[in-house]
2 protein chains.
Amino acid sequence: MESRIERLCVERGLKMTGQRRVIARVLSDADDHPDVEELYRRAVALDARISIATVYRTVRLLEERGILERRDFGGGRARYEPTEHGHHYHLIDVDSGRVIEFEDRSHEQVLAAIAQRLGFDLVSHRLELFGRRIAAAKPVGAPDAGTDAAPRRRKDRPA
Amino acid sequence: MESRIERLCVERGLKMTGQRRVIARVLSDADDHPDVEELYRRAVALDARISIATVYRTVRLLEERGILERRDFGGGRARYEPTEHGHHYHLIDVDSGRVIEFEDRSHEQVLAAIAQRLGFDLVSHRLELFGRRIAAAKPVGAPDAGTDAAPRRRKDRPA
DNA sequence: TTAGGTGCAAAGAGTTTGCTCGTAT
DNA sequence: ATACGAGCAAACTCTTTGCACCTAA
């Protein structure tokens with residue numbers, strides 16, 4: 001059946017190849033923030049006839065078409081998520097790399113005001129929290145959000 | 001004369017080579033957020049016997065020693081600034097790459113509270129504004145902050 | 001039919017590293 | 001004297017691209 005992302009692609013008149021359909025499905029099913037390698041791994045599991053170059057080309061295309069958003073949480077690899085399932089921010093678990101999303105409407109205006117004061121129109125902004133899970137307390141409203149793990153490699157240094 | 005950064009190096013027992021002295025001077029004199037290539041360019045101008053590998057090794061060392069802080073403003077290149085001339089945030093001019101610093105004490109507690117609510121202790125955070133200069137108004141309190149220009153290259157895409 | 005997508009391998013950009021030689025302490 | 005730093009080039013990681021071939025519309 002047609003995935004959500006595939007539908008968006010069709011709406012925007014993109015040619016739907018087998019590879020794109022698979023990548024669209026993977027993206028639609030993801031509830032985390034996979035990087036290209038991870039997307040590639042999941043896509044290949046569904047259909048081996050996909051190269052990583054195609055994944056790179058596809059995420060770039062979808063980003064240009066406003067279907068995907070690229071994130072940079074440090075560590076050198078770009079990560080992707082579907083556009084706009086609500087404006088939200090990210091809290092990155094520094095121990096596991098897991099990403100928790102949260103909302104905070106109040107920030108927007110405050111930041112725009114700050115920019116204004118400095119003589120700028122706010123075009124966009126980046127707000128990320130890095131935190132460590134509190135041992136005792138069970139988090140509320142943040143059900144374990146998928147397998148976002150970013151297996152720290154040698155080169156990795158905190159952003 | 002001994003630069004501020006050099007003094008910090010000596011205090012921490014680092015062996016002071018000619019190259020390190022030059023790099024320390026460049027860093028002490030910088031009031032912007034240079035990337036490694038820019039540091040290299042400035043260092044070579046003072047003393048040609050410096051290789052870019054040494055600049056990389058030195059900034060990494062100084063970062064580990066807490067003397068420098070690495071910044072990632074998107075665009076793939078890490079940028080550096082001396083640690084703690086006060087807690088501050090950055091506003092990046094999307095047209096020129098120029099970086100304006102600003103303070104905002106009020107954020108800290110708000111963000112810590114948000115993390116707490118999600119079950120996390122706030123370890124660190126990242127807040128960056130991307131803006132476009134307002135044509136009419138002259139900015140207040142942000143005297144043209146150095147030559148921070150990041151000459152956008154082909155590969156660059158907004159963070 | 002044909003504009004555009006794909007795979008592969010090579011190229012790039014930024015950064016790190018092995019090795020040999022040099023030097024601060 | 002010697003432990004540590006420097007220069008150079010090669011290696012690495014992530015991402016893009018040239019080219020010959022393939023396929024959706």
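Sequence lines set the chain letters: A, B, ... in the order given, protein chains first and strands last, and positions in each chain run from 1. Computed from a prediction, not measured in an experiment: that's the story for all the values here.
- To the nearest angstrom, C1' of C:dT15 lies 15 Å from OH of B:Tyr40.
- Residue B:Thr54 has a polar side-chain atom (N or O) positioned under 4.0 Å from OP1 or OP2 of D:dG7.
- Between B:Glu103 and B:Arg105, none of the side-chain N atoms (NZ, or NE/NH1/NH2) sits under 4.0 Å from a carboxylate O, so this pair counts as no salt bridge.
- Using a cut-off of 4.0 Å between Lys/Arg side-chain N and Asp/Glu carboxylate O, A:Arg42 and A:Glu38 are scored as salt-bridged.
- Taking atom CD of residue B:Glu38 and atom P of nucleotide C:dT15, one finds them 14 Å apart after rounding to whole Å.
- One finds no side-chain N or O of B:Tyr56 lying less than 4.0 angstrom from the OP1 or OP2 phosphate oxygen of C:dT16.
- Taking only side-chain nitrogens and oxygens, B:Arg60 comes nearer than 4.0 Å to OP1 or OP2 of C:dT17.
- Taking the six-membered ring where the residue is Trp, B:Phe102 and B:Tyr89 present tilted rings, their angle falling between 30° and 60°.
- Atom CZ in A:Arg77 sits about 19 Å away from atom P in C:dG14, given to the nearest Å.
- Between A:Arg79 and A:Asp32 no salt bridge is recorded (no basic side-chain N to carboxylate O distance below 4.0 Å).
- Per the geometry, CZ belonging to B:Arg49 stands 18 Å off P belonging to D:dG5, to the nearest Å.
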Inset, instruction - If a protein heavy atom is under 4.0 Å from the base, mark B; if only from the sugar-phosphate, S; if neither, -; do that for nucleotides 19-25 of chain C going 5' to 3'. - result: -----BS

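- With distances taken from any side-chain atom of B:Glu37 to the nucleotides C:dG14, C:dG7, D:dT15, the minimum falls on C:dG14.
- Rounded to whole angstrom, the span from the CG atom of A:Asp47 across to the C1' atom of C:dG7 amounts to 13 Å.
- Atom CZ of B:Arg12 has more than 12 heavy atoms from other residues, nucleotides or ligands within 6.0 Å.
- When the nucleotides D:dT15, C:dT15, C:dG5 are ranked by their closest atom to the side chain of A:Arg20, C:dG5 comes out on top.
- Rounded to whole Å, atom P of C:dG14 lies 10 Å from atom CZ of B:Arg41.
- At the heavy-atom level, A:Ile50 lies under 4.0 Å from the strands shown only through sugar-phosphate atoms.
- Ring geometry, A:His107 versus B:His107: the interplanar angle falls from 30° to 60°, so the pair is classed tilted.
- Regarding B:Arg70, its CZ atom lies at a distance of 15 Å from the P atom of C:dG14, rounded to whole Å.
- With A:Arg133 contributing its side chain and A:Asp93 its backbone, the two residues share no donor-acceptor pair below 3.5 Å.
- The nearest whole Å value for the distance from the CG atom in A:Leu61 to the C1' atom in C:dA3 is 15 Å.
- Of the candidate nucleotides C:dT6, D:dA9, C:dA9, C:dT6 has the atom nearest to the side chain of A:Gln19.
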